Amino acid sequence: MGRTKASKVRRQAQERGWLNPLVPIPDEATLEEVFGSRSPGPAPSTVKPFQKQVETWFKEDIQGTTIYDALVRNHGFSGSYSSVRRYLKKLKDQDVKASVKLVFKPGELTQVDFGKGPT
């Protein structure tokens with residue numbers, strides 16, 4: 001909830017005396033009457049219509065800003081960069097690389113990394 005909405009909720013609560021610690025907390029029916037019913041859930045992502053293309057670019061390691069610019073330029077995308085960033089974060093969280101924890105007694109095994117080091 002942003003500051004604007006929070007201030008509206010606070011104003012409603014003050015007007016109805018709900019901020020007084022001696023007044024009981026209103027029940028769900030009262031809150032629904034004042035603020036309306038709950039929304040059915042989060043709004044669908046504005047990136048969803050371009051899901052397959054974004055996933056392809058994500059797998060090709062294309063940067064989020066480049067993906068956003070391409071969506072705007074080539075597909076008329078009207079969403080924000082933040083929506084693209086959030087969508088990419090979900091993809092990244094799903095793309096977890098497997099790892100194996102190695103457990104050995106001291107001196108039992110030696111590991112050598114043959115990667116390129118300083119010259």
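Owing to the predicted nature of the structure, the values given are computational and were not obtained by experimental measurement.
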**Prompt:** How would you list, by chain and number, every residue that makes a salt bridge (charged side-chain N to carboxylate O under 4.0 Å, His left out) with K89, sequence neighbours excluded?
**Reply:** D93
**Message:** Under the rule for side-chain hydrogen bond (donor to acceptor under 3.5 Å, both in side chains), what residues qualify as partners of K90, not counting sequence neighbours?
**Reply:** none
**Prompt:** Does Y68 reach the side chain of V72, with side-chain heavy atoms less than 4.5 Å apart?
**Reply:**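 The answer is yes, as the side chains (C-beta and beyond) meet within the 4.5 Å cut-off.
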Reported [atom1]-to-[atom2] distance for the pair [X] and [Y], which is rounded to 0.5 angstrom:
| X | Y | atom1 | atom2 | result |
| --- | --- | --- | --- | --- |
| Y81 | L71 | OH | CG | 12.0 Å |
| Q12 | L19 | CD | CG | 11.0 Å |
| T56 | Q51 | OG1 | CD | 10.0 Å |
| D61 | T66 | CG | OG1 | 11.5 Å |
| Q63 | F58 | CD | CZ | 13.0 Å |
| D69 | F77 | CG | CZ | 11.5 Å |

Can you name the nearest heavy-atom pair linking [X] to [Y], along with the distance?
| X | Y | answer |
| --- | --- | --- |
| V54 | L88 | CG1-CD2, 3.8 Å |
| T30 | W18 | CG2-CZ2, 3.9 Å |
| S83 | T46 | OG-OG1, 3.2 Å |
| W57 | A70 | CH2-CB, 3.7 Å |

**Request:** Assess whether side-chain contact (heavy atoms from CB on, under 4.5 Å) is satisfied between E55 and Y87, documenting all intermediate values.
**Result:** CA-CA 9 Å; E55 287 175 3; Y87 193 82; 3.6 Å; yes
**Prompt:** Would you call the rings of F50 and H75 parallel, tilted or perpendicular, where under 30° means parallel and over 60° means perpendicular?
**Reply:** tilted
**Enclosure of R10 CZ (heavy-atom neighbours >12, cutoff 6.0 Å)** = no
**Message:** For E15, is the CD atom crowded, meaning more than 12 foreign heavy atoms sit under 6.0 Å from it?
**Reply:** yes
**Message:** Check for me, please, whether V23 and V34 land in the same ILVMFWY cluster - side-chain distances under 4.5 Å, paths through other members count.
**Reply:**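 The answer is no; the residues belong to distinct hydrophobic clusters.
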**Prompt:** Other than L109, what residues sit in its cluster of Ile, Leu, Val, Met, Phe, Trp and Tyr side chains whose heavy atoms are under 4.5 Å apart, directly or through others?
**Reply:**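 Answer for L109: V100, L102, F104.
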